[in-house]
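Quick note: numbers below take in every heavy atom, side chains included, and nothing from hydrogens, waters or symmetry partners.
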Amino acid sequence: MPRVQEERRAVYAARPASRRLRYAEPMPVGIAPLPGETMADPRMERLSSAEAAGYLVVRRRTVVYPDGRAIRIYRPLEAGDELD
């Protein structure tokens, strides 16, 4: 029986790519407002400017049922409502 010549290939093990891990910059420490000064919340500024322009500002609540149905409920934003 004649010997069959096997094909040989050089196989190299994959090395993990060396990459330097970059860590996130630390968040700056908040600065407390001076007495009598308030810190402006951009979200509240947008809401108040929308109300001043005549838009109806609404609050949305979403309820998702186990079968996948989703219901969205919209109601007007009132003065005593807290924002999440």
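- Through side-chain heavy atoms spaced under 4.5 Å, either directly or across other Ile, Leu, Val, Met, Phe, Trp or Tyr residues, Val63 is tied to Tyr65, Ile71, Ile73.
- Rounded to the nearest 0.5 angstrom, Met44 CE and Ser49 OG are separated by 10.5 Å.
- With sequence neighbours left out, the salt bridge (charged side-chain N to carboxylate O under 4.0 Å, His left out) criterion links Arg69 to Asp67.
- Taking hydrophobic clusters as Ile, Leu, Val, Met, Phe, Trp and Tyr residues chained together by side-chain heavy-atom distances below 4.5 Å, Tyr74 shares a cluster with Leu56.
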